[in-house]
Amino acid sequence: MSTREMTDVIGLTNSEASQLRDFMAGLDKEEWVRPSACVGWAVGDVFAHLTQGAHTWSDSIARAV
């Protein structure tokens, strides 16, 4: 992957993360515990799963660098 492509991926990732953060910050207490589209998971469960994946991905990148 070229430096330009990697820069584009990083920019897109940051943009998506900001949009997700803003969306989740707008949820009230009842919305966090509401069932999600993932059977058996609440909205908060899905968010926790996404953040754990992001943490793992970040750790992998840090080790690679």
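Model, not experiment: these values are computed from the prediction.
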F23-W41 co-clustered via ILVMFWY side chain contacts under 4.5 Å:
yes
Are the side chain of T13 and the backbone of V9 linked by a donor-acceptor contact shorter than 3.5 Å?
yes
Using modelled atom types and a 3.5 Å cut-off, is there a donor and acceptor pairing between side-chain atoms of Q19 and backbone atoms of E16?
no
Beyond-backbone contact of T51 with H55, side-chain heavy atoms, under 4.5 angstrom
no
Give a yes or no on whether V33 and M24 share a hydrophobic cluster (residues Ile, Leu, Val, Met, Phe, Trp, Tyr; joining criterion: side-chain heavy atoms under 4.5 Å apart).
no
What is the distance from atom CG of L20 to atom OG of S15, rounded to the nearest 0.5 Å?
11.0 Å
Rounded to the nearest 0.5 Å, what separates atom CZ in R34 from atom CG in D28?
8.5 Å
Rounded to the nearest 0.5 Å, how far apart are CD of E31 and OG of S36?
13.5 Å
Hey, could you give me the CD/CZ distance between Q52 and F47, rounded to the nearest 0.5 Å?
12.5 Å
Apart from W57 itself, residues in the same hydrophobic cluster as defined by side-chain heavy atoms under 4.5 Å
I61, V65
What pairs of residues pass the salt bridge (charged side-chain N to carboxylate O under 4.0 Å, His left out) test when at least one of them lies in residues 37-64, not counting sequence neighbours?
none
